[in-house]
Amino acid sequence: MEPMFGGEVRRVRSGDGTAIAYLDCPASAGRAGSAGGAASGDATSAAAPVVVLLHGFPHFHYTWHRQIPVLQAAGWRVLVPDMRGFGASDAPVGAEYYTPERVTADVQALRDDAGIASGNKVVLCGFDFGAGAAYDMGHLRPGAIGAIIGFENPFVAAFGDTPPSQGFAAMAEKHFFHMHYFQEPGKAEASMDANVRTFLERVFWALSADFHYLDTWKNPPGAAYIDALPEAPPLPWSWLSVEEMDRYEKEFSRTGFSGPLQWYRAIDAQWFARKAFDRPKNPVPFYFVYSEHDPDLEGFHGRDPLGRLDRYHEDVRAVRSVGRAGHLMHLEATDDLDRELLWCLEAIREVGLV
């Protein structure tokens, strides 16, 4: 992890000893609000409200590099971790290290290390696995959060009476299914580590609005993920540069994919943990932003997921959409996504949630 946007690289130990690396990026001078609080940085940043950006797979803190300066300019202090398993953070092996209790402890440790006063609340903005982490924070540590902004993934829930991996296996008997492919330790990472650039380009292209991701299910059982994905056209694309992909390739070539894949192998452990939550709904004020061509909404959250938000969130404040974009809307439609994100943050600030 390298400093950028005037931010400081920090590293904190979570409750189980796992080291979490994060960027602490100050608000731009003259634009800070009146909430937040910090132990480090200048007076402007100390007065700024705080937003924490939580990424998913296959990403790391850099995935937010287009959003960070926009948020700083709007007066927000921005905390951007590498989630455990990714980037410069530790990557313990074992499902027990990726449960809601452990992951939310990471976010709490980051918050404490950043010097945010106990009476001040932060906004969590989560995408993919990061959205799940934000929702788990709402269940387990709601007092630390003023609001949650979810991207693409509207909820995580302990559906059904059998662990999710059993459903993955049943689907994989009929066709390729990446959630099942990722379950066997060593298999997926061997292929992906040997073809880092090819895998990343193909999966980014497949998840975008330029391809229909669920077409990967047309491949036969037992296919390798890299073979199930479409060939990507040469970079640059209209929404991604060669230099940006270079950063991804450099980081995942350094770390490999074993750490990130622990999240998929922990899905059963997460399911069991969520079964034990005290309340069925996230109590924290909730804002949701989605794209029109997101494969997660199409294929992974049941019928009419937007119509069922109030089954999983007690206080749905707004649902906003981005036009032609797939799962990677923060890259595919950056200006539109930034506009919607800033709208949510301004609404949060106006009603005094932070």
Side-chain angles (χ1 to χ4, degrees), residues 7 10 12 14-15 20 22-28 31-55 64 67-68 70-72 74-81 83 100-101 103-127 130-151 155-156 277-279 281-289 309 312-318 320 340-354:
R10 299 179 65 92
V12 61
S14 189
I20 304 299
Y22 71 99
L23 278 176
D24 183 351
C25 300
S28 297
R31 295 301 305 274
S34 59
S40 62
D42 60 22
T44 298
S45 187
V50 178
V51 58
V52 184
L53 305 180
L54 304 172
H55 68 81
W64 301 111
Q67 282 69 50
I68 294 170
V70 173
L71 298 177
Q72 290 175 292
W76 289 81
R77 181 184 179 196
V78 191
L79 306 181
V80 195
M83 305 293 282
E101 291 80 2
V103 173
T104 58
D106 296 349
V107 180
Q108 185 66 47
L110 177 156
R111 185 187 186 282
D112 294 344
D113 184 72
I116 298 167
S118 60
N120 292 328
K121 297 184 177 184
V122 303
V123 176
L124 299 184
C125 178
F127 163 60
Y135 305 155
D136 288 340
M137 280 289 291
H139 283 278
L140 297 177
R141 302 172 187 265
I145 313 165
I148 293 171
I149 304 172
F151 284 179
F155 46 77
V156 289
F277 283 175
D278 291 336
R279 58 176 71 85
K281 296 184 180 182
N282 159 45
V284 176
F286 177 61
Y287 296 74
F288 186 60
V289 184
L309 288 176
Y312 304 99
H313 302 280
E314 287 182 2
D315 187 2
V316 179
R317 297 291 180 101
R320 312 280 291 186
E340 299 303 335
L341 176 55
L342 290 173
W343 184 94
C344 292
L345 289 170
E346 185 59 28
I348 289 166
R349 188 152 52 174
E350 283 183 353
V351 297
L353 293 174
V354 295

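What you see below is based on every heavy atom in this structure, not just the backbone, and it leaves out hydrogens, waters and symmetry mates.
Side-chain contact between Val51 and Val354 is absent, with no heavy-atom pair separated by less than 4.5 Å.
Distance NZ/Lys121 to CD1/Ile116: 13.5 Å, rounded to 0.5 Å.
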Considering only distance and modelled atom types, tabulate donor-acceptor pairs under 3.5 Å from the side chains of residues 340-348, sequence neighbours left out.
| unit_1 | atom_1 | unit_2 | atom_2 | d |
| --- | --- | --- | --- | --- |
| Glu340 | OE1 | Arg320 | NE | 2.6 |
| Glu340 | OE1 | Arg320 | NH2 | 3.0 |

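Listed for the Thr104 side chain is no donor-acceptor partner under 3.5 Å among the backbone atoms of Met137. In this structure a side-chain-to-backbone donor-acceptor pair under 3.5 Å is present from Gln72 to Pro26. Checked by atom type and distance alone, the side chain of Arg10 never pairs as donor or acceptor with a backbone atom of Asp24 at under 3.5 Å.
The side-chain hydrogen bond (donor to acceptor under 3.5 Å, both in side chains) test applied to His313 returns Asn282, not counting sequence neighbours. Judged as a side-chain hydrogen bond (donor to acceptor under 3.5 Å, both in side chains), and not counting sequence neighbours, the contacts of Asp106 are Ser14, Arg84.
The side-chain contact (heavy atoms from CB on, under 4.5 Å) test with Val284 singles out one residue from Val123, Leu353, Ile145, and that residue is Ile145.
By the 30° and 60° cut-offs, the orientation of the rings of Phe127 relative to Trp64 is perpendicular.
Taking the ring centroids of Tyr135 and Phe286, they lie under the 6.0 Å cut-off.
For Pro81 against Tyr22, the heavy-atom pair with the smallest separation is CA-CB, 3.5 Å.
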